[in-house]
Structure formats: structure tokens, C-alpha cells
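A note on names: the letters A, B, ... follow the listed sequences, proteins ahead of strands, and every chain is numbered from 1.
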Number of protein chains: 2
Amino acid sequence: MDESAEAGRRQLNTADLSALEPVERRSTAAIVADRIRTAIMRGTFPPGTQLGEVELAAALGVSRGPLREAMQRLVAEGLLRSERHRGLFVRELGAADVRDVYTARTAIERAAGLLLLAGDRAAAADRLTAALSRMEAAAADPVALADADHAFHAEFVAASGSPRLRRMAETLLVETRMCLAALQETLPPAAALIAEHRELRDAVRDGDAERMTAVLEAHMADAVGRILAPGPQVPAVPA
Amino acid sequence: MDESAEAGRRQLNTADLSALEPVERRSTAAIVADRIRTAIMRGTFPPGTQLGEVELAAALGVSRGPLREAMQRLVAEGLLRSERHRGLFVRELGAADVRDVYTARTAIERAAGLLLLAGDRAAAADRLTAALSRMEAAAADPVALADADHAFHAEFVAASGSPRLRRMAETLLVETRMCLAALQETLPPAAALIAEHRELRDAVRDGDAERMTAVLEAHMADAVGRILAPGPQVPAVPA
DNA sequence: GCGCCGCGGATTGTTGACAATAGTACGAGC
DNA sequence: GCTCGTACTATTGTCAACAATCCGCGGCGC
């Protein structure tokens, strides 16, 4: 009598609930931090610029309290530099920082790649293929291509299933884009870029660890060379 | 006439200035964050405990403003979990988190180790030897030994010269100690622990990359096994 | 008896104002 | 002419009060 008692009566089960994702309840500070992070990433706030609190707060329509909380988050992420009683500045990234970012990225993405190989390779390859096709679709537009490149690497690490690697990678990717924006770096030809990433996906799909790490390291080394080599467009603060 | 003009006259040069380190000018939020981080690390605030703002602010002698900023920092580091209008809670680490922390640590420390080998190995070995002797001095006291172990790994990564690896490692080390404190884990016999670290230093000193990575990975795998194996003292939230 | 509704206490989120500090420009003294 | 001292301005650091939201408990209706 339980299951077929009344026509319209039905208990809520977990399957129903899992269809509902938790309602968006993010703190104001988190939203503000996202906004500013994106602006820094896109080069809207070039490195070295001072971010006035009242100015930003007014622009974002919030008070200084939440804004300061957001700033602390960004300072913790290493995107901002705080000088007491002086203000907050967008961090300037020099040549050493570019190398450091890519060193760290290599470490993280290598580990993520190995996790991928140890897990469900087919599923991972599918996710990468999807990211790859988004890169192809964006091949014509440089900024969209940069977005897609960012998304590919984020997906690469996210697919590993490691929340910590994922978070670290996201921070590093933001710094990467800061470098690109600051140094006016132009991405390599879309075809070559996509080919490199396709090779990465193939290595994952085939479970070839050695090839995967080799491609990854070459990819990173290439990027560093490309950013730092083409003559000092910017003096590139040695610090 | 410039250099030997007057007896007592001498220009200030950069060498003089480099002897002076910048005066300590840290923000209140940073200090508060350090205090709370240490408390969490030491297990003073066990996982799951709610951190009331007014309570903490009163205890630390600051207002809620700076305290909230510090909290945002810790949330960004992943030590705290924030629920809107509910409060801040110390994150609970389950078995999956233990594995994840060590996965990330392995990635970071491996990269740092390779950087060590590529740099001044002798200097790095010296720093590690010093850290090692501090471990030996603390062998008798379990908590001091845990501190020294923490310090050794921090030194290991710091010696690599990569600020980003260093910061990530520090965050992960804090989480490591949260695990230890939460799971009531007892460190292995001091002698064995020190021997493992000594082997790591030897590998660095000798420039043996393969041995270094092997020892490191074994060390990490051991730790995970030790933390998770000895029977489920705590149900270890599967999430 | 069971479930729904409203209320009270407590906590967080946000705001505006106050205080302290650093940078800047100007003038006096050597 | 250069350096040092001083007032001013602008910005950040801090605080206490207000508003919004959520949890637990008691009462009500079914």
C-alpha cells in the first residue's frame, strides 16, 4: 500500500534532489574578487596600477568593507601587492616571474596529467576533445583563442579530480594571462597552438605517460621562450 | 676631489642599505590570519568547529573588520569553509583530502627538488643539513618533531628559489598538519623519519634526480598509508 | 500524533564615520 | 643651490551601529 496508494502522491527521492543544484549563495566579497580578478587578467588594470578603495567600491556599487575582504583574497592569491597606508597595486611580473609561473604550472599540470592517465582516460580525452573543439572555433579571434587556451588547461587539471591541483592551476593561469596581457604577447599561430594541445590529448587518450610529460614540458618551455625572447618590448623588471 | 675631500664625509651606498631589512609593516589582517592559521594547524580549533566573529575578535583584541579580512584570506587558502549567514567553519578533511594533499605535495616538492638539483646543490644540501639537525634535536618531543618535519619540507621548497612553489607548499603543509592533528596520527619512530629525510638530502647533494624523486614519492606514499591505514579511528568523511 | 506556521535570539553582512599614517608641496635656513 | 622642516591633502586602517538572514522553539490546526 505504500507505493500505489494514491494517484498523485509520490515521495521526493534523492534522484529528484540531485537534479537541483544548490542555489547561488556566494558572498559579496567572492563576487567582487571575481570581477577584479577578471579585470586584472584581461589587462584592464595593467600591472603597477593602484587600486583606490573608494573608487573601486563606488564603481562596483558596494561598500568598502566587502571590497577590502575581496582584496585580501586577491592578495592571498598573489595577484595584488599591499603596502600599508599606501594602497593596493597590481603586481608587476618580470622575467623571473614568468619563468616561475611556468615552472609551477609544469609541476601542477604534470601531476594532473599523471592522475588522468591513472583514471578514466577515455572520459578525460572526451573532455579535452570538447575543449579542443572550442579552441578550433575560436581560432580566428586572438582573445577568444586565449580564453579557449586558458579553458583547455583548466579542464586538463580539473579532469584530474584533484581540487587542490585545480585551484592552484586556476591561480597560475590567471597569472599567465597577466603576463600575456602585460607583455603584449601575441599567441603563436592558431594552427600550431591547437596542434600542440591535440597532441597532449592524444597522449592522454593513449595512456602514454612519457609522451604526455614530454609534450607538456615542451609546451611550457616554448611559451616561456616566446614570452621572453622576442626582444625586451618591456624592460621586464629583473626582480 | 670627490672621494677624498673631507675626512668624515661619505656617501651612502647600496651596500649600506642592503644591510637594513625593511621594517616590519604587516597589516593587522595578516597577523590575525597567521594566528588563526597556527591555531587551526595545531588542532586548537578542531575541524568542523564554528568560528564566531565577535568571539574571535574579542579574543584577539581587534574589531570585526580586520578579522573578517583575515578570514577571507584563510577561506582563499582552503582552510576555512564559509556558509553565508551561517558562519565560518574549520574545514573537515577526509580520506580523499589526505590523498589529495599528498598528491599535490608530491607534485610541488618534486618540482622543487629538480630545481634544487639544477641550482647550487651544495648550498641546498647545507640548508637541508641544518634542518635535519634541528629534527635530530627534536627527536624526543613528538610535537617539536612535527614542527621540525614541517620546517624541513618548507626549507626544501624554499631553497628551490621559487616563490610560487614555496607558497603553495606552505599552504599544503598546514593542511598536512591539520590531518595529523585531526586523525590523532602519531609520527613514525623519530629515527626512521630522520633517516628518510637524510636520504633526501643525500640525493640532493649527490645530484641524483632519480633517487630524489623515488625517495620523495615513497616518503609521501608512506605518509598517506600511515594516516589512513591504522583502522578508521575517525569515519573519515568520504567527501 | 503529525506537520505547518510564526516568533525570538543570535549571528552574519553591510554601512558610514572617525582616526592614523604616508605622500606632497612649499618655505626657511645654511 | 641644496637640504631640512612643516603644514596640508588624500588614502588607508579601524571601529561601532544598523539591517538582513537563519536556526530553534512553542503554539496551532488538521
Side-chain angles (χ1 to χ4, degrees), chain A residues 1-2 5-6 8-13 20 22-36 45 48-76 79-91, chain B residues 1-2 5-6 8-13 16-17 20 22-36 45 48-76 79-91:
Chain A
M1 281 209 202
D2 281 324
E6 301 271 338
R9 296 293 283 276
R10 177 171 166 275
Q11 281 293 353
L12 215 51
N13 59 37
L20 271 57
V23 63
E24 182 125 352
R25 281 173 30 169
R26 305 178 50 197
S27 71
T28 307
I31 298 170
V32 171
D34 275 353
R35 288 281 191 91
I36 298 176
F45 299 137
T49 50
Q50 178 171 8
L51 301 179
E53 292 184 359
V54 289
E55 184 187 347
L56 273 180
L60 291 167
V62 297
S63 186
R64 280 181 54 210
L67 186 120
R68 282 176 63 86
E69 293 171 22
M71 291 314 211
Q72 287 295 329
R73 253 173 123 119
L74 297 176
V75 168
L79 267 53
L80 261 41
R81 174 172 50 87
S82 168
E83 289 186 27
R84 203 173 148 85
H85 287 118
R86 294 270 305 266
L88 292 153
F89 303 84
V90 180
R91 277 203 56 186
Chain B
M1 280 206 199
D2 284 322
E6 301 271 336
R9 298 289 284 276
R10 175 170 166 278
Q11 284 293 355
L12 214 51
N13 59 37
D16 297 328
L17 264 39
L20 271 55
V23 62
E24 182 127 354
R25 283 170 31 168
R26 304 179 52 198
S27 70
T28 308
I31 299 170
V32 171
D34 275 353
R35 287 283 191 88
I36 298 177
F45 300 136
T49 50
Q50 178 172 5
L51 302 179
E53 291 185 1
V54 288
E55 182 187 349
L56 274 180
L60 291 166
V62 296
S63 185
R64 282 181 53 210
L67 186 121
R68 282 176 63 86
E69 293 171 23
M71 291 313 210
Q72 287 294 330
R73 250 173 129 117
L74 297 176
V75 169
L79 267 54
L80 260 42
R81 174 172 49 88
S82 166
E83 289 186 28
R84 206 175 144 83
H85 288 118
R86 295 269 305 264
L88 292 153
F89 304 84
V90 180
R91 277 202 58 184

task: Would you kindly give the CG-to-C1' distance between L67(A) and dG13(C), to the nearest whole Å?
output: 15 Å
task: Round to a whole Å and report the spacing from CD of E55(B) to P of dA10(C).
output: 14 Å
- prompt: Excluding sequence neighbours, so at least two apart, what forms side-chain contact (heavy atoms from CB on, under 4.5 Å) with S63(B)?
  reply: P66(B)
- request: Indicate the atoms forming the closest heavy-atom contact of S82(B) with V75(B), along with that distance.
  value: CB-CG2, 4.2 Å
message: Once side-chain hydrogen bond (donor to acceptor under 3.5 Å, both in side chains) is applied, do any residues pair with E53(A), and if so which ones, sequence neighbours excluded?
response: R64(A), R68(A)
Close N/O contacts between protein and nucleotides 7-12 of chain D (under 3.5 Å):
| residue | atom | partner | partner atom | Å |
| --- | --- | --- | --- | --- |
| dT12(D) | OP1 | E53(A) | N | 3.4 |
| dT12(D) | OP2 | E53(A) | N | 3.3 |

- prompt: Residues in side-chain contact (heavy atoms from CB on, under 4.5 Å) with A33(B), at least two apart?
  reply: R37(B), A70(B), R73(B), L74(B)
statement: By side-chain contact (heavy atoms from CB on, under 4.5 Å), R35(A) pairs with (sequence neighbours left out) L60(A)
task: Rounded to the nearest angstrom, tell me the gap between atom CZ in R26(A) and atom C1' in dG13(C).
output: 16 Å
